[in-house]
*Asks:* 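Got a structure for you, questions after.
Each ligand, and each atom within it, is numbered from 1 in the order the structure gives.
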Amino acid sequence: MNTPIHAPSSSPSSSSSSYMLRPPSCLSHPSRNIKCPMLLPQAICTSQKKYWCFRAHVEASFNTNPLKNYTSVSCSTWWSEAQSLVSYKTHNKQLFTVGSLATSTAQDVSDTTLIGGDKIGVLLLNLGGPETLEDVQPFLFNLFADPDIIRLPRIFSFLQKPLAQFVSVARAPKSKEGYASIGGGSPLRRMTDEQAEELKKSLWEKNVPAKVYVGMRYWHPFTEEAIEQIKRDGITKLVILPLYPQFSISTSGSSLRLLESIFREDEYLVNMQHTVIPSWYKREGYIKAMANLIEKELKSFDCPEEVMIFFSAHGVPLAYVEEAGDPYKAEMEECVDLIMEELETRKITNACTLAYQSLVPLGSVEELLAAYDSQRRELPPPVIVWEWGWTKSAETWNGRVAMLAVLLLLSFEFTADKGLLHQMGIWPLLR
Ligand SMILES: C=CC1=C(C)c2cc3[nH]c(cc4nc(cc5[nH]c(cc1n2)c(C)c5CCC(=O)O)C(CCC(=O)O)=C4C)c(C)c3C=C
Ligand SMILES: [Fe+2]
């Protein structure tokens, strides 16, 4: 069961380091017909900060309360047709009168009270995960059909779905093994729902009666479903919070791009005031929480000061960082520095190291572990196990030309041990 996805229709624009200033986006233009990105990442942060947005860099002062004054910094998105950098300020005003729209489409939301005529929503964005082993292959299809995960050159974009079908079928057995070993499915939905509930409680305690929604990128509840609920509830102000502390094109970027396309085509959403928190790894609360966890774990060792702190991060293909300007690696490294600084204030000065998990050539856990384990270092490279996903679902492929092209691509990769899939970090997924 492949649940329809709304993968961005345009393939990612090639990376460019040139940015131009553009007037504030649609938010400052009440025209409903304007077609421009609504969801360039905007930040709500604290104090005077330097903010890195991919390759651009802006300085702005921020106010902490999203519901009062806020300054938003829209950063250029690498995928944006017209790459641009926007900085602007709004003051506690609804920029548009949405009342009529809201009443015409909204149902009553019993647990949402109004703040100055507004209905506040928070949309939590996450990846989503298969809830059962049967979900694994269609979940993987959705993931690989996303051009922010498998970045094909525009000329090959017609291969996106056939390739997604192929890679998902080939990857499914290994993924299933993993999910089977953790109880037969992903715990992400349950955990995200719990986070949403806790966030809602906490906001209500602070007299912010907001409704909190969960929108997953690749599995239920899909972002599109959350957006429909937001519209039904008549939300007039929305805070969009990707649940990834660090920004990556492949995670927050992908979700925001999807939202951008949904917003662009929807009259209700175009007129809804919204703000995006693109990343939040610098937040004091987050850094302290991470430090607390580490401090607690260290105490369980006999000689805590001798323990090396091993930060393990999800990897992204190197090309994202080097060519597309993904700030993920820089943000991750800064995050580790901040956590270590926080630990230092607690007189914890252990050695630490950061490695990125498998799949992608940012520096893998395997490589790093090899440095510590001489036996492992002498092991031969892993054997490539090839499982052909030649199943019934292959019949659904988008025509013979695409299938032939995929096969040619794969046989080249296989025989030459290099090529597009290697370059994009997809090849390891097939192992
Ligand atoms: C090239 C492929 C992938 C990129 C790039 C990627 C980036 C990325 N992913 C996360 C967080 C998660 N990924 C999860 C699952 C998952 N991710 C990929 C591939 C890429 N991820 C695959 C194939 C899978 C499925 C599992 C598997 O087969 O290995 C999950 C788990 C979701 C769940 O089921 O609960 C998370 C979380 C980040 C943070 C990231 C880039 C920074
Ligand atoms: Fe992932």
*Asks:* With a 3.5 Å cut-off and no angle check, do the side chains of Ser279 and Glu331 form a donor-acceptor pair?
*Replies:*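 Yes, side-chain donor-acceptor contact under 3.5 Å.
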*Asks:* Mind checking what makes side chain to side chain donor-acceptor pair (under 3.5 Å) contact with Glu284, not counting sequence neighbours?
*Replies:*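 In terms of side chain to side chain donor-acceptor pair (under 3.5 Å), with neighbours along the sequence ignored, Glu284 is linked to Lys288.
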*Asks:* In terms of atom number and element, which parts of ligand 1 are under 4.0 angstrom from non-hydrogen atoms of Phe144?
*Replies:*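 Answer for ligand 1: 23 (C).
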*Asks:* Considering only heavy atoms, which of Gln246, His314, Lys329 lies nearest to atom 10 (C) of ligand 1?
*Replies:*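 Checking each option, the heavy atom nearest atom 10 (C) of ligand 1 is found in His314.
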*Asks:* How would you list, by chain and number, every residue that makes a salt bridge (Lys or Arg N to Asp or Glu O under 4.0 Å) with Asp337, sequence neighbours excluded?
*Replies:*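 Counting only residues at least two positions away or on another chain, Asp337 forms no salt bridge (Lys or Arg N to Asp or Glu O under 4.0 Å).
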*Asks:* Distance-only, no hydrogens or angles: does the Trp204 side chain make a donor-acceptor pair with backbone N or O of Ala210 under 3.5 Å?
*Replies:*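 Looks like yes, one N/O pair under 3.5 Å.
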*Asks:* Could you tell me whether the side chain of Ser255 and the main chain of Arg217 form a donor-acceptor pair under 3.5 Å?
*Replies:*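 The answer is no, because no donor-acceptor pair under 3.5 Å joins these two groups.
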*Asks:* For the backbone of Asp148 and the side chain of Ser250, can you confirm whether one donor and one acceptor N or O come within less than 3.5 Å of each other?
*Replies:*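 No.
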*Asks:* Which residue in the set Asn142, Asp146, Thr223 passes side-chain hydrogen bond (donor to acceptor under 3.5 Å, both in side chains) when paired with Tyr218?
*Replies:*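 It is Asp146, the one option of Asn142, Asp146, Thr223 that forms the side-chain hydrogen bond (donor to acceptor under 3.5 Å, both in side chains) with Tyr218.
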*Asks:* Residue-level breakdown please: for Ile150 versus ligand 1, do any non-hydrogen atoms fall below 4.0 Å on the side chain, on the backbone, on both, or on neither?
*Replies:*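 No part of Ile150 comes within reach of ligand 1.
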*Asks:* Is Gly178 near ligand 1, meaning one of its heavy atoms is under 4.0 Å from it?
*Replies:*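 Gly178 does not count as a contact of ligand 1 under the 4.0 Å cut-off.
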*Asks:* Which atoms of ligand 1 sit under 4.0 Å from any heavy atom of Leu143?
*Replies:*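 Per the distance check, 18 (C), 19 (C), 22 (C), 23 (C).
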*Asks:* Counting heavy atoms only, which of Gly129, Ser186, Ser175 comes nearest to atom 35 (O) of ligand 1?
*Replies:*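 Among Gly129, Ser186, Ser175, the closest heavy atom to atom 35 (O) of ligand 1 comes from Ser186.
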*Asks:* If you count the atoms of ligand 1 from 1 in the order shown, which ones are under 4.0 Å from a heavy atom of Val316?
*Replies:*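 The atoms of ligand 1 under 4.0 Å from a heavy atom of Val316 are 41 (C), 42 (C).
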*Asks:* Run the numbers for me: atoms of ligand 1, each under 4.0 Å from some heavy atom of Leu140, listed by number.
*Replies:*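 In order of number, 23 (C), 25 (C).
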*Asks:* In terms of atom number and element, which parts of ligand 1 are under 4.0 angstrom from non-hydrogen atoms of Pro130?
*Replies:*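 Matching atoms, with element in brackets: 34 (O).
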*Asks:* How about His274 and Phe263: are their ring centroids closer than 6.0 Å?
*Replies:*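 Ring centroids of His274 and Phe263 are less than 6.0 Å from each other.
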*Asks:* Only heavy atoms of Tyr328, strictly under 4.0 Å: list the atoms of ligand 1 that pass.
*Replies:*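 Close to Tyr328: 42 (C).
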*Asks:* Under a 4.0 angstrom heavy-atom cut-off, which atoms of ligand 1 come close to Pro317?
*Replies:*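 In order of number, 5 (C).
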*Asks:* Short N/O distance, under 3.5 Å, between Tyr179 and ligand 1?
*Replies:*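 Yes, Tyr179 has an N/O under 3.5 Å of an N/O on ligand 1.
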*Asks:* Any donor-acceptor pair under 3.5 Å linking the side chain of Asp135 with the backbone of Glu131?
*Replies:*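 Yes, the answer is positive, given that a donor and an acceptor are paired below the 3.5 Å cut-off.
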*Asks:* Do any heavy atoms of Ala313 fall under 4.0 Å from ligand 1?
*Replies:*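 Not so, Ala313 does not reach ligand 1.
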*Asks:* Does Arg151 make a cation-pi contact with Tyr320, if we ask for NZ or CZ under 6.0 Å from the ring centre and within 45° of the axis?
*Replies:*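 Judged by the rule (NZ or CZ under 6.0 Å from the ring centre, within 45° of its axis), Arg151 counts as positioned above Tyr320.
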*Asks:* Of the side chain and backbone of Arg171, name the one, both, or neither that has a heavy atom under 4.0 Å from an atom of ligand 1.
*Replies:*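 The answer is the side chain of Arg171.
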*Asks:* Minimum distance, heavy atoms only, to atom 36 (C) of ligand 1: which one of Leu127, Val136, Leu188, Thr251 is it?
*Replies:*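 Looking at heavy atoms only, Leu127 sits closest to atom 36 (C) of ligand 1.
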